Peer 1: 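A single structure is presented below for examination.
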Amino acid sequence: MRRITMFDTTLRDGEQCPGASLEPHEKLEIAKQLARLGVDVIEAGFPISSSGDADAVRRIAETVKGPVICALARSLAADIDAAARALAPAAKKRIHVFLATSPIHRKYKLRKAKDEIVRQAVWAVTYAKRYGKDVEFSPEDASRTEPEFLFQVLEAVITAGATTVNIPDTVGFAIPDQFGPLIGAIKERVPNIGRARVSVHCHNDLGLSVPNSLAAIANGADQVECTINGIGERAGNTSLEEVVMSLNIRRDYYQAQTGVDTTQIYKTSRLVSSLTGIVVQPNKAIVGDNAFSHESGIHQDGVLKHRRTYEILRPQDVGVQESRLVLGKLSGRHAVVARLKQLGYTLQSTEIDRVFEQFKQLADKKREVFDEDLSALVEEELPGVAETYKLAYVHTTSGSETVPTATIRLTKAGKTIQDAACGDGPVDACYQTIDRMTGLSPELVDYSLRSVTGGTDALGDVVVKLRANGVEVTGRGTSTDIIEASAKAYVNAINRLLARSARLPRQRRGRRSGGRGRSITP
Ligand code: KIV
Ligand code: ZN
């Protein structure tokens with residue numbers, strides 16, 4: 001089993017993704033998570049490019065232990081000095097120097113002949129070696145460089161001390177059937193290649209960055225340069241999660257492994273997405289929202305019978321809790337019953353018939369039937385789940401010098417009850433009052449407020465998620481007054497909890513939940 005070095009460049013090439021820009025403290029947060037993920041090398045930035053980047057590299061070098069911390073430099077003294085300064089505090093550091101070698105870059109960008117390129121590359125590696133043993137060299141645009149010249153450059157930089165030689169497909173031009181053999185040829189034709197690790201760095205302009213990287217591994221590459229979610233310049237870089245999981249799932253073929261803790265993948269993906277603002281496409285392999293979702297009834301039935309009929313990855317292996325069966329018009333009874341069970345409903349077969357009939361009608365009108373829709377169907381269809389409490393009146397006082405207080409009036413079975421209580425704010429005061437009046441105190445798992453339309457007179461739409469006795473429900477309330485919308489949503493959720501509780505199997509009722517949770521069966 002070969003061990004592949006995972007070199008993460010999310011913070012350098014990934015940040016070159018149009019629209020992505022990270023503050024130094026955000027880069028530090030990502031770097032810490034990359035260390036937890038178990039990457040071997042973190043390319044933290046390009047220090048000469050800005051003082052912010054230099055600062056970020058320095059902070060990462062000071063704080064993040066475990067992986068090698070790397071910084072990028074052109075083959076110029078000022079760049080290499082800046083990289084070395086930023087990396088100084090790192091326990092393990094690497095300077096990564098690059099110089100273009102392809103005919104088009106030599107002629108138009110650098111205006112240099114081949115022998116000048118070789119001289120400058122050798123000089124840069126020698127200069128970088130003054131700062132440490134670990135030096136990587138990249139012949140930029142390697143995949144469009146004449147192979148013979150590429151071999152010559154690689155031999156020269158390895159003689160000068162490069163410990164890793166990286167082969168970039170800078171413009172995403174390569175195709176796997178050529179790129180794999182190119183790596184094989186480098187391994188065969190560069191006489192001193194045994195003294196360096198061979199790395200690849202692929203861009204995704206033709207959507208081939210992962211296949212090219214895998215072809216390179218199959219042909220002997222020791223290191224792969226990747227980014228989380230595949231973000232990067234133009235169409236992006238090789239996606240780390242796709243390479244890692246391909247090696248993992250197809251170990252039989254590649255006979256190679258990485259040191260990545262795959263259960264950290266999803267968390268890392270979400271962190272990078274939220275800090276860069278680059279959303280993950282739903283159908284993205286491994287980390288997209290749909291990666292573990294099944295829509296077709298045939299697939300749902302298969303997965304329920306044996307997960308591996310339609311899933312090659314276990315969601316838990318990448319840190320996703322569980323697969324999702326998307327309930328919609330293609331779903332069958334098997335999937336609906338399974339979801340009802342997950343939601344805590346145990347229904348008789350005739351009750352299931354009625355709910356399933358209603359489900360089919362709803363699914364014809366609605367693309368996806370969510371858990372809340374299904375709960376609403378059960379509550380509407382079956383007896384004994386009527387609205388127990390109705391909000392009749394809400395009044396709150398709050399302000400900078402006032403103790404937030406709420407007065408609430410509820411009706412229950414035609415009777416009106418009233419109470420008042422204080423809280424941390426007006427919404428909390430409402431919820432404390434309602435808890436007192438209903439004798440329940442479920443855990444507030446989530447609260448969200450959004451405006452339904454624009455303008456200051458917009459309708460506020462509040463959604464709350466409550467949990468008690470292992471049962472979770474969602475309640476919704478709308479009003480032009482956001483406090484009233486909040487109270488309505490809470491009362492709505494309480495009614496659902498009560499309805500759900502009535503349908504739970506006996507032993508689950510009355511079990512206390514943690515935190516504020518109290519029995520929901522009075
Ligand atoms: O794509 C590229 O060629 C690069 C190099 C600097 C390695 O990012
Ligand atoms: Zn690149």
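Computed from a predicted model, the values in this text were never measured in an experiment. Just follow the structure's listing: the first ligand is 1, and inside any ligand the first atom is 1. Only heavy atoms go into these numbers, but all of them, side chains included; no hydrogens, no water, no symmetry mates. Positions are given from 1 along the sequence.
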Peer 1: With a cut-off of 4.0 Å, which atoms of ligand 1 are near a heavy atom of Ser138?
Peer 2: 7 (C)
Peer 1: Where does the angle between the aromatic ring planes of His201 and His203 fall among parallel (under 30°), tilted (30 to 60°) and perpendicular (over 60°)?
Peer 2: tilted
Peer 1: How far is atom 5 (C) of ligand 1 from the closest protein heavy atom, and which atom is that?
Peer 2: Arg12 NH2, 4.0 Å
Peer 1: Without hydrogens or angle criteria, can the side chains of Ser138 and His96 be said to hold a donor-acceptor pair below 3.5 Å?
Peer 2: yes
Peer 1: Any donor-acceptor pair under 3.5 Å linking the side-chain atoms of Ser209 with those of Asn204?
Peer 2: yes
Peer 1: Could you tell me the residue and atom name of the protein heavy atom closest to atom 3 (O) of ligand 1, and the distance to it rounded to 0.1 Å?
Peer 2: Thr170 OG1, 2.6 Å
Peer 1: Sort by chain and number the protein N/O/S atoms found under 2.8 Å from the Zn ion (ligand 2).
Peer 2: Asp13 OD2, His201 NE2, His203 NE2
Peer 1: With heavy atoms only and a cut-off of under 4.0 Å, state how Asp13 meets ligand 1: side chain, backbone, both or neither.
Peer 2: side chain
Peer 1: Does Glu116 come within less than 4.0 Å of Arg106, counting only side-chain N to carboxylate O?
Peer 2: no
Peer 1: For atom 4 (C) of ligand 1, what's the nearest protein heavy atom and its distance?
Peer 2: His201 NE2, 3.5 Å
Peer 1: State the CD-CG distance between Gln16 and Leu11, to the nearest 0.5 angstrom.
Peer 2: 12.0 Å
Peer 1: Please report the interatomic distance CG(Leu37) to OG(Ser269), rounded to the nearest 0.5 Å.
Peer 2: 10.5 Å
Peer 1: Please check if any side-chain donor atom of Asp13 sits under 3.5 Å from a side-chain acceptor atom of Asn237, or the reverse.
Peer 2: yes
Peer 1: Does the side chain of Glu241 come under 3.5 Å of the side chain of Ser239 through a donor N or O and an acceptor N or O?
Peer 2: yes
Peer 1: Under 4.0 Å from any heavy atom of Glu140, which atoms of ligand 1 are there?
Peer 2: 3 (O)
Peer 1: His203 heavy atoms, cut-off 4.0 Å: which ligand 1 atoms fall inside?
Peer 2: 1 (O)
Peer 1: Between His299 and Tyr310, how do the two ring planes meet: parallel, tilted or perpendicular, split at 30° and 60°?
Peer 2: parallel
